[in-house]
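These numbers come from a predicted model, not from an experiment. In what follows, every heavy atom counts, from backbone to side chain, and hydrogens, waters and symmetry copies are set aside.
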Amino acid sequence: MANVPQKPSAFAQRVKPAGAALVGLLVLGLNVMFALKGSFFFPFGTLLGCALVLAGGFGVVVGEPDDPYGNRPMWFKVSVAACVIVGIVIGLIVNLQIAA
């Protein structure tokens, strides 16, 4: 008899996205510290941090759903890509405001 795969718990589905969101917050925090102490900032850090925070936050809210074959559903992939795009746009706006 074949083993039925077990679905990960709700907590286990949210650990990786929470880590991504924390890394994004760390990048943004370091960028703010460099802007205040060294009077310079890293534009790519702002883009990366905003994208990671939004995508990770979405993953924490929704979890990481799997279809019966172990793949991610298309709605999840499209939503994460949309969160990354919105995060990059927010990062661009922040970079323009800082540089102005």
Which other residues end up in the same hydrophobic cluster as F11, if Ile, Leu, Val, Met, Phe, Trp and Tyr are linked when side-chain heavy atoms come under 4.5 Å apart?
V15
Among pairs that include at least one residue of residues 80-100, which meet ring pair (Phe, Tyr, Trp, His ring centres under 6.0 Å), considering only residues two or more places apart or in two chains?
none
Would you list the pairs meeting salt bridge (charged side-chain N to carboxylate O under 4.0 Å, His left out) in which at least one residue belongs to residues 19-32, sequence neighbours left out?
none
Grouping I, L, V, M, F, W and Y whenever their side-chain heavy atoms are under 4.5 Å apart, do L48 and V23 come out in a common cluster?
yes
Which residue pairs satisfy the salt bridge (charged side-chain N to carboxylate O under 4.0 Å, His left out) criterion with at least one member in residues 28-52, sequence neighbours excluded?
none
Which pairs with one or both residues in residues 79-100 pass ring pair (Phe, Tyr, Trp, His ring centres under 6.0 Å), sequence neighbours excluded?
none
In short, side chain to side chain donor-acceptor pair (under 3.5 Å) pairs touching residues 89-100 with sequence neighbours left out are T46-N95
Any side chain to side chain donor-acceptor pair (under 3.5 Å) pairs touching residues 11-27, not counting sequence neighbours?
none
Which residues satisfy the side chain to side chain contact (heavy atoms under 4.5 Å, CB included) test with V89, sequence neighbours excluded?
I93
Check whether V94 and V27 end up in the same hydrophobic cluster, where Ile, Leu, Val, Met, Phe, Trp and Tyr are linked by side-chain heavy atoms less than 4.5 Å apart.
no
What residues form a side chain to side chain contact (heavy atoms under 4.5 Å, CB included) with A12, not counting sequence neighbours?
P8, S9
Ignoring hydrogens and angles, write down the donor-acceptor pairs under 3.5 Å from the side chains of residues 50-58, residues two or more places apart or on other chains.
none

Using the test ring pair (Phe, Tyr, Trp, His ring centres under 6.0 Å), find all partners of F40 that sit at least two apart in sequence or belong to another chain.
F34, F42
Run the side-chain donor-acceptor check on residues 74-85: report pairs under 3.5 Å with partners two or more places apart or on a different chain.
from	atom 1	to	atom 2	distance (Å)
S79	OG	W75	O	2.7

Given P17, which of L22, V60, V62 fulfils the side-chain contact (heavy atoms from CB on, under 4.5 Å) condition?
V60
